[in-house]
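The structure under discussion appears below in the form of structure tokens.
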Protein chains: 2
Amino acid sequence: MDLSQQIRERGLKATPSRLSVMKVLESKRQAYAHADLESIFIDMDRVTLYRVLNDFEETGLVHKVIDMDGVTRFAHCGHSCPGGHHADAHAHFNCQVCHKMYCLENAPIPSFDIPKGFMATGQNILVLGLCKNCGAA
Amino acid sequence: MDLSQQIRERGLKATPSRLSVMKVLESKRQAYAHADLESIFIDMDRVTLYRVLNDFEETGLVHKVIDMDGVTRFAHCGHSCPGGHHADAHAHFNCQVCHKMYCLENAPIPSFDIPKGFMATGQNILVLGLCKNCGAA
DNA sequence: TTAAGTGCAAAATCTTTGCAAATGT
DNA sequence: ACATTTGCAAAGATTTTGCACTTAA
């Protein structure tokens with residue numbers, strides 16, 4: 001689908017900044033941190049990038065994941081997403097060497113035993129390891 | 001076990017700052033953020049607290065968990081822990097109302113399907129929801 | 001045209017570092 | 001006594017806010 005259209009459908013204007021960010025997030029199946037994108041778009045204002053990412057996240061165009069180092073990362077939503085802050089429905093893979101994050105969209109989400117009186121509404125799952133590029137074999 | 005001893009066993013000195021922090025972490029089964037502890041120990045230096053927590057984590061006295069907001073939290077290790085940066089072997093529960101983190105030490109860790117070429121070495125699992133205090137029912 | 005988005009500067013956080021003074025063992 | 005730990009001040013890093021200017025629709 002047209003990127004401009006995806007953006008406009010969420011009530012946002014399809015500006016150059018947004019289109020560039022969206023293009024990167026959509027083409028690679030990876031979760032990017034603000035810093036990653038900042039070094040890709042060296043000419044783009046740091047603050048604008050913060051705002052672009054927040055707007056995307058708030059409108060459900062991308063989702064937010066926190067990696068093992070506490071760094072916030074954003075990934076394009078592969079499927080239809082509810083919009084607003086949606087709990088991630090799928091697990092993510094975090095490479096411990098290159099620190100890239102990949103979406104594991106087809107990994108099933110298991111349920112967990114939680115103490116009485118507690119109620120689970122979702123889960124955030126991060127699998128750690130070595131990605132194809134960094135891992136041996 | 002004696003707190004001072006636990007601390008000394010890891011090669012650290014049992015100072016008042018360390019004992020106070022350890023006491024809180026050990027008595028409640030919760031993961032505390034730096035900010036939480038800072039407001040408990042209003043008289044304690046911010047930097048000292050950072051260092052106490054880092055030392056505890058590096059020696060394996062406590063483990064580090066990152067919550068949904070990307071905030072680093074520390075929890076006392078219930079069982080024997082390997083020391084050094086050990087990947088958390090158990091899941092955690094993060095309350096979406098009070099933001100407290102609880103250790104789910106007995107929740108089994110499932111395995112996940114990961115793409116070919118990738119290798120998993122551990123996982124970080126966060127269950128979201130309402131804790132006993134904040135939840136209904 | 002005009003509401004939304006951008007860029008710059010500046011504030012507010014959060015975390016780390018250096019070093020002299022204090023303290024546990 | 002001596003290596004560790006603390007406290008303070010200051011530097012760095014990250015994220016947010018305010019406001020005038022620009023731009024997509």
Side-chain angles (χ1 to χ4, degrees), chain A residues 2-23 25 31-62 64-74 83 85 99 101, chain B residues 2-23 25 31-62 64-74 83 85 99 101:
Chain A
D2 188 333
L3 287 186
S4 310
Q5 205 167 328
Q6 278 188 56
I7 293 173
R8 277 195 233 95
E9 269 173 6
R10 307 289 174 143
L12 301 174
K13 290 183 182 173
T15 65
S17 310
R18 283 173 178 162
L19 283 168
S20 336
V21 172
M22 201 55 188
K23 197 161 134 194
L25 293 181
Y32 287 86
H34 178 276
D36 299 332
L37 296 165
E38 199 180 350
S39 59
I40 293 176
F41 307 112
I42 59 271
D43 50 315
M44 183 160 155
D45 188 74
R46 201 186 294 101
V47 177
T48 298
L49 185 48
Y50 276 114
R51 293 196 267 225
V52 165
L53 292 171
N54 282 338
D55 292 345
F56 281 1
E57 202 267 329
E58 281 175 3
T59 56
L61 270 172
V62 303
K64 192 200 288 194
V65 205
I66 310 284
D67 75 12
M68 281 304 287
D69 301 315
V71 177
T72 304
R73 292 175 173 277
F74 299 87
H85 301 261
H99 293 99
M101 286 253 345
Chain B
D2 189 333
L3 289 186
S4 310
Q5 205 168 329
Q6 278 188 56
I7 293 174
R8 277 194 232 96
E9 269 172 6
R10 306 288 174 146
L12 301 175
K13 289 183 181 173
T15 66
S17 311
R18 284 174 177 161
L19 284 168
S20 334
V21 172
M22 202 54 190
K23 197 161 134 193
L25 293 182
Y32 288 86
H34 179 276
D36 299 331
L37 295 165
E38 198 180 351
S39 58
I40 294 177
F41 306 113
I42 60 273
D43 50 315
M44 184 160 156
D45 188 74
R46 202 186 295 101
V47 176
T48 299
L49 186 48
Y50 277 113
R51 293 198 266 224
V52 165
L53 292 171
N54 282 338
D55 292 345
F56 281 1
E57 203 267 331
E58 280 175 4
T59 55
L61 271 172
V62 302
K64 193 200 286 193
V65 205
I66 310 284
D67 75 12
M68 282 302 288
D69 301 314
V71 177
T72 303
R73 291 175 173 277
F74 299 87
H85 300 260
H99 293 99
M101 286 252 345

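Order of the sequence lines fixes the chain letters, A, B, ..., with proteins taken first and strands second; residue numbering starts at 1 for each chain. Since this is a predicted model, take the numbers as computed values, not measurements.
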Here's a test of your reading of the structure: between D55(A) and T15(B), which maps to the more 5' nucleotide of DNA chain C?
D55(A)

Length of the CD-P vector between E58(A) and dG5(C), whole Å:
11 Å

R18(B) side chain: which of dT6(D), dT16(D), dA25(D) is closest?
dT6(D)

Between OG1 of T48(A) and CD of E38(A), what distance do you get to the nearest 0.5 Å?
11.0 Å

Regarding A14(B), tell me which of base, sugar-phosphate or nothing describes its non-hydrogen contacts under 4.0 Å with the strands shown.
sugar-phosphate

With the side chain defined as heavy atoms from C-beta on, R51(A) is closest, among dT6(D), dA24(D), dC8(C), to dC8(C)

Is there a donor-acceptor pair under 3.5 Å between the side chain of H34(B) and the backbone N or O of F74(B)?
no

Verify, without hydrogens or angle tests, whether R73(A) (side chain) and D67(A) (backbone) share a donor-acceptor contact under 3.5 angstrom.
no

Between K13(A) and V47(A), which residue's closest nucleotide on DNA chain C lies nearer the 5′ terminus?
K13(A)

Report the nucleotide, chosen from dG24(C), dA9(D), dT6(D), that has the shortest atom-to-atom distance to any side-chain atom of P16(B).
dG24(C)

Rounded to whole angstrom units, what separation is found between the CG atom of N54(A) and the P atom of dT15(D)?
10 Å

Atom-to-atom span, CG of L37(B) to C1' of dC14(C) - whole angstrom:
15 Å

d(CZ, R73(A); P, dT14(D)) in whole Å:
12 Å

For I7(B) and dG24(C), what is the distance between atoms CD1 and P respectively, to the nearest whole Å?
12 Å

Rounded to the nearest 0.5 Å, how far does CE of M22(A) lie from CG of L12(A)?
10.0 Å

Record whether the side chain of R46(A) comes under 3.5 Å of the base of dG7(C) through a donor-acceptor pair of N or O atoms.
no

Between dC8(D) (P) and M44(B) (CE): distance, integer Å:
13 Å

Does R10(B) come within less than 4.0 Å of D55(B), counting only side-chain N to carboxylate O?
no

When rounded to whole Å, the CG to P distance for the pair L49(B) and dT16(C) reads 12 Å

Whole angstroms only, please: what is the CD-C1' distance between E38(B) and dT13(C)?
11 Å

